[in-house]
Amino acid sequence: MNQNLISKYNVPGPRYTSYPTVPYWNDQTFSLKAYTASLRKSFRESNESEGMSLYIHLPFCESLCTFCGCNKRITRQHSVEVPYLQSLLKEWKLYLDIFGKRPVISELHLGGGTPTFFSAENLQRLIDGIFSNARRGRRMELSFEGHPNNTTMAHLETLASLGFSRVSYGVQDYNATVQQAIHRIQPFENVQKATLQAREAGFTSVGHDLIFGLPFQKTEHIEKTIEQTIQLRPDRIAFYSYAHTPWLKGNGQRGFKETDLPSAEEKKRQYETGKKMLLANEYLEIGMDHFALKSDSLSKAMNSKTLHRNFMGYTSSKTQLMVGLGVSAIGDSWYAFGQNVKGVEEYEALVNQGILPIFRGHILNEEDQSLRKHILELMCDLETNLENTRISAEEEQAILDSLSEMESDGLIFLSDRKIQVTEKGRGFVRNIAMAFDLRLKRNRPEQRLFSMTV
């Protein structure tokens, strides 16, 4: 990739798992009444035809990883498992009451935290409880995030027997110095064992999550990590940039100094090196930050243009409705977003009172829905068409004007109001999507799609 272009477009931008992005939600127009009405509407429209997605947040971890920005609770007291699972099932009952009939679940994901903090038996109780009042979709995908150090064969066999077919393991980096800095000590042998056991248990898609830009990390560490990763041939690889956000409440990113982080130029080298190695080893680039073998459902979805993106990231199936259970989980009715409270005690107290534990959200207006469609198409299909868009002519022209320099740089191709991301532009899809982010532009007019200093 051209280094001048990398420098030019090296600006912070959203990951666009939603539009509007969470910082620009309008809480003033949001109400629980309006949100529940949008859930009913979406359920009526889509349950029988495509089913729904369900994300369940399991926040507990036994130790703190200092690179992690997720909502988590550090504890070694496993007595927290049962009360929390009981609250999850009570929250699920609140949604069942809203829907009024049995939902069809097409996709279910256990995230965290560390889902494998919970015993295999308790995870089975949770899943059995969910499906006791739901139907399984015809092409259902169940997945979970596993920690290589504590995912046991019992976890894998139990979840496989329940229909789980995909697991993603957080690997990050194999270098000992980096692992020490981020407090995530897991040798290659642990990841190898967890990967092989998952396949033995019947999982058809095993993913590894890698991160570049970590403290003390160097390009040679990325090279070594990916060499070892390729030995295990995971079906999917997420290759993320480390986000340094130590100011966020509850964030544990204080185990190292700012000066321990690689420079912007070093981060660019790390990403380009990793991407080049993955492409050279038969991995296809999927949207942004993701790679998959041709045999994986994510690659097949990309090729058939059925790839979807939501708060769970890229998925191989699209559902209009997504429900989030657990602390900090976010739901999406397509017409509105709603996020749960972030504290375990507050969450459990509200659910036990029969109150939906949502504390903020956003009701999408007509413009939001139109822009969301364009951003989603760019992030998944690498193209979008401005025909039948529901934004003003002035706003549309402003978007096209902001894309003109990207067209000159060869990142996109514009023709008859159709925008196509070129092969050269794949690595800049976030910048391209930002052209459609009118809420970002209105709230932060100084935000650029590219650096003005280059």
Determine whether a donor-acceptor pair (N or O, by modelled atom type, separation under 3.5 Å) exists between the side chain of [X] and the backbone of [Y].
X: T114; Y: T116; answer: no
X: Y19; Y: R439; answer: yes
X: N47; Y: F43; answer: no
X: Q180; Y: A176; answer: no
X: H183; Y: L64; answer: yes
X: Q179; Y: Q186; answer: yes
X: H155; Y: F118; answer: yes
X: T151; Y: P148; answer: no
X: H221; Y: T177; answer: no
X: D296; Y: P234; answer: no

I'd like to check [X] versus [Y] (side-chain heavy atoms, cut-off strictly below 4.5 Å). Are they in contact?
X: R236; Y: S168; answer: no
X: V323; Y: F99; answer: yes
X: V191; Y: Y174; answer: yes
X: M52; Y: Y95; answer: no
X: W334; Y: L364; answer: no
X: Y84; Y: L58; answer: yes
X: I74; Y: C61; answer: yes
X: Q231; Y: Q192; answer: no

Any side-chain donor paired with an acceptor under 3.5 Å for [X] and [Y]?
X: S316; Y: K300; value: no
X: D289; Y: Y314; value: no
X: R269; Y: S263; value: no
X: Q320; Y: S42; value: yes
X: D368; Y: H362; value: yes
X: Y242; Y: Q172; value: no
X: Q270; Y: E266; value: yes
X: Q339; Y: S328; value: no
X: Y335; Y: E45; value: yes
X: H109; Y: E145; value: yes

(message) Check the orientation of F337 and W25. Use parallel for under 30°, tilted for 30 to 60°, and perpendicular for over 60°.
(response)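 Because their plane-to-plane angle is under 30°, the rings of F337 and W25 count as parallel.
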
Surrounding [atom1] of [X] (heavy atoms of other residues, nucleotides or ligands, distance under 6.0 Å), is the total greater than 12?
X: E282; atom1: CD; value: no
X: R442; atom1: CZ; value: yes
X: K193; atom1: NZ; value: no
X: R139; atom1: CZ; value: no
X: K318; atom1: NZ; value: yes
X: K224; atom1: NZ; value: no
X: Q353; atom1: CD; value: yes

(message) Determine whether H208 and T195 satisfy the following criterion, side chain to side chain contact (heavy atoms under 4.5 Å, CB included), listing intermediate values before the conclusion.
(response) CA-CA 9 Å; H208 287 185; T195 299; 3.0 Å; yes

If you look at every heavy atom in [X] and [Y], which pair is closest and at what distance?
X: I222; Y: I211; result: CD1-O, 4.0 Å
X: L126; Y: L89; result: O-CD2, 3.8 Å
X: A194; Y: L156; result: O-CD1, 4.2 Å
X: S87; Y: E348; result: OG-CG, 3.3 Å
X: A198; Y: V206; result: CB-CG2, 4.0 Å
X: L325; Y: N340; result: C-ND2, 4.2 Å

(message) Between D437 and K441, does the salt bridge (charged side-chain N to carboxylate O under 4.0 Å, His left out) criterion hold? Intermediate values first, please.
(response) CA-CA 6 Å; D437 194 338; K441 292 178 179 179; over 6 Å; no

Point-to-point distance, once rounded to the nearest 0.5 Å, from [atom1] of [X] to [atom2] of [Y]:
X: I286; Y: I237; atom1: CD1; atom2: CD1; answer: 11.5 Å
X: L321; Y: S53; atom1: CG; atom2: OG; answer: 8.0 Å
X: L142; Y: S165; atom1: CG; atom2: OG; answer: 7.0 Å
X: N190; Y: N150; atom1: CG; atom2: CG; answer: 10.5 Å
X: K275; Y: F291; atom1: NZ; atom2: CZ; answer: 6.0 Å
X: L96; Y: K101; atom1: CG; atom2: NZ; answer: 13.0 Å

(message) Applying ring-ring contact (aromatic ring centres under 6.0 Å, His included) to F212 and F239, what does each step give before you reach the verdict?
(response) CA-CA 7 Å; F212 62 94; F239 190 39; 5.0 Å; yes

(request) Assess whether side chain to side chain contact (heavy atoms under 4.5 Å, CB included) is satisfied between L162 and F131, documenting all intermediate values. (result) CA-CA 10 Å; L162 293 168; F131 281 105; over 6 Å; no

(message) Taking the cut-offs as 6.0 angstrom to the six-membered ring centre and 45 degrees off its axis, would you call R309 and Y16 a cation-pi pair?
(response)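 No, a cation-pi geometry is absent between R309 and Y16.
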
(message) Using side chain to side chain contact (heavy atoms under 4.5 Å, CB included), reason through D235 and R199 one step at a time and then give a plain yes or no.
(response) CA-CA 11 Å; D235 302 273; R199 289 177 173 147; 3.9 Å; yes

(message) Just to verify, which of R76, K72, R73 counts as forming a salt bridge (Lys or Arg N to Asp or Glu O under 4.0 Å) with E62?
(response)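 Going through the options one by one, the only one that passes is R76.
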
(message) Before you tell me yes or no, could you show the steps for F60 and E81 under side chain to side chain contact (heavy atoms under 4.5 Å, CB included), namely the whole-Å CA-CA distance, both residues' side-chain angles and the distance that decides it to 0.1 Å?
(response) CA-CA 9 Å; F60 302 109; E81 292 185 36; 5.8 Å; no

(message) Quick test of your reading of the model: are E377 and K373 salt-bridged, counting only N-O distances below 4.0 Å?
(response)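 A salt bridge links E377 with K373.
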
